[in-house]
Amino acid sequence: MRYVVNKNLDAPFNIAMDEWLLTHLKPEAPVFALWQNRNAVIVGKHQNTYEEVNEAVVKEKDIQVVRRVTGGGAVYHDQGNLNFTFIIPVAHPQDVDWKKFVQPIVTALHKLGIPVEITGRNDLVLDGKKISGNAQRYQDGYLMHHGTLMFDVDVETMVRVLNVSDEKFISKAVKSVRSRVGSIKQYAPHLTIAQFQQALTDELSENGQDQPIQLTQSQLAEIKTLEKEKFSTWEWNYGESPEFNYHAHEKFAGGILDIKAEIEKGLIKQIYFGGDFLGVEDIERLMPQLIGVPFEETTIRAILSENQDKHYFGTISNEEVLSLIHE
Ligand SMILES: Nc1ncnc2c1ncn2[C@@H]1O[C@H](COP(=O)(O)OC(=O)CCCC[C@@H]2CCSS2)[C@@H](O)[C@H]1O
């Protein structure tokens, strides 16, 4: 199989690349790419980003957050994770069985002594633990199938950044299916991830006989444009979240605070503060200022600071209010 070389580590570029390969490459035979992201969470097309991603951990660890064009749940990538993409011409998408498309990966892993198995879901497992999540999209005669391979991922960060209190969100968005995850490196303790990538490339490209496809400067420029105009925008990554309701409740030293909000396109459509606290000015005056504002800590923080002298929340501090909006 021929392959596309992509050494870029930026998630918005790489996710743009997958979309571009699906819509523009139009290969006559299947093609693959192996690529990596630096720390990133990639959410599914129909997910609520706020419901899937812990914003505090995103900030702390400088994690990129990108919505992809395939369905399914949210996954964490770092440089211990390797992604694969197949672009496959398909005449009859209704006959598509994902297992068939993932088979070359499974065979290559088996040859490396890694006994992965295909599950009933879209996962590959090793000793019963998930090491690969997969998703696909069909468009105009081509199928893009992509998946992860957890070679040696920082699982602690993965668990933290994908951990959000579910009970605060009410939406019809697609939820992630949390699993116990494993690591491929256990079975290949002497391999670095670069060697693992090379071994897979050799295997899939018939021992290096199939040559790489070099994208031209103008093709790369098209991908850059897609990155800039879509995959690195707040409007796509957060704003495309299906509408949701948010409820949170907390007892602080200075009183009890309740928040209820309705969010559409990532913007606050309705917000209500209640509870039990002794505000100086009437909270009703603050609420309209938050309508139409992104449901984002930085923007809300700025509005609260501008209103600092009004003491709307009495002795509940702005930081406490914000902690209820984003953990
Ligand atoms: N990197 C990675 N690989 C495999 N599984 C993961 C990973 N990160 C997290 N998880 C686990 O999967 C669930 C979510 O599973 P869920 O089944 O909900 O979602 C997926 O698997 C989607 C896979 C998308 C693959 C694309 C390929 C290139 S860009 S992203 C999460 O809660 C964790 O338990």
Side-chain angles (χ1 to χ4, degrees), residues 4 6 8-22 32-49 51-54 57-58 61 63-87 98 101-102 105 109 114 116-137 143-166 173-185 193 196-197 200 227 231 236-237:
V4 177
N6 176 13
N8 201 309
L9 295 175
D10 262 328
F13 179 86
N14 291 334
I15 298 300
M17 167 86 93
D18 272 357
E19 189 193 82
W20 187 92
L21 290 174
L22 172 63
F32 75 94
L34 295 176
W35 49 281
Q36 289 189 279
N37 284 332
R38 69 173 181 87
N39 304 19
V41 174
I42 311 299
V43 302
K45 179 155 195 250
H46 306 290
Q47 289 200 293
N48 174 5
T49 308
E51 196 170 340
E52 298 294 333
V53 181
N54 186 308
V57 182
V58 161
K61 300 267 183 183
I63 294 170
Q64 297 184 304
V65 176
V66 185
R67 180 185 302 279
R68 60 179 191 269
V69 295
T70 55
V75 287
Y76 175 67
H77 295 171
D78 63 17
Q79 288 181 64
N81 180 82
L82 182 66
N83 301 300
F84 58 87
T85 300
F86 290 110
I87 305 293
W98 81 279
F101 296 109
V102 91
I105 293 284
L109 289 172
I114 301 152
V116 288
E117 293 166 276
I118 301 183
T119 64
R121 286 193 80 243
N122 297 345
D123 301 339
L124 299 182
V125 295
L126 198 52
D127 295 333
K129 293 187 199 145
K130 179 173 179 179
I131 51 95
S132 172
N134 291 259
Q136 49 183 228
R137 179 184 174 90
L143 184 84
M144 188 265 283
H145 179 114
H146 58 190
T148 62
L149 291 167
M150 298 184 90
F151 184 75
D152 187 17
V153 169
D154 173 1
V155 174
E156 194 193 319
T157 302
M158 178 206 99
V159 169
R160 287 182 63 218
V161 75
L162 299 178
N163 180 29
V164 181
S165 350
D166 300 345
V174 171
K175 316 287 180 222
S176 295
V177 182
R178 291 184 174 80
S179 301
R180 283 213 305 152
V181 297
S183 113
I184 294 170
K185 195 174 163 74
I193 190 157
F196 174 64
Q197 175 165 356
L200 272 182
E227 174 195 7
F231 295 98
W236 171 255
N237 294 322

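Whatever order the structure lists them in is the order used to number ligands and atoms, beginning at 1. Computed from heavy atoms alone, side chains included, the values below leave out hydrogens, waters and symmetry copies. Note that the structure is a prediction, hence the values are computed from the model and not measured.
Scored by the side-chain contact (heavy atoms from CB on, under 4.5 Å) test, Asp152 finds Lys185 as partners (sequence neighbours excluded). Partners of Phe196 by ring pair (Phe, Tyr, Trp, His ring centres under 6.0 Å), not counting sequence neighbours, listed by chain and number: Phe151.
Taking every heavy atom of Ala74 and a limit of under 4.0 angstrom, the matching atoms of ligand 1 come to 14 (C), 31 (C).
In this structure a side-chain-to-backbone donor-acceptor pair under 3.5 Å is present from Gln64 to Ala11.
The shortest separation from a heavy atom of Gly44 to ligand 1 is not under 4.0 Å, leaving the residue out of contact. Within the structure, the closest approach of Val153 to ligand 1 does not fall below 4.0 Å when heavy atoms are considered.
For atom 28 (C) of ligand 1, the candidate residues are Lys129, Arg180, His146; the nearest heavy-atom contact is made by His146. One option in Ser176, Gly72, Gly133, Gly147 has a heavy atom closer to atom 23 (C) of ligand 1 than any other, and that option is Gly133. Nearest-heavy-atom check against atom 8 (N) of ligand 1 across Tyr76, Phe151, Trp35, Phe84 picks out Tyr76.
Annotation: the span from Asn134 atom CG to Thr119 atom OG1 amounts to 8.5 Å, rounded to 0.5 Å.
On a distance-only criterion, Arg121 and ligand 1 share at least one N/O pair closer than 3.5 Å.
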Check step by step if salt bridge (charged side-chain N to carboxylate O under 4.0 Å, His left out) holds for Lys129 and Asp127. CA-CA 6 Å; Lys129 293 187 199 145; Asp127 295 333; over 6 Å; no
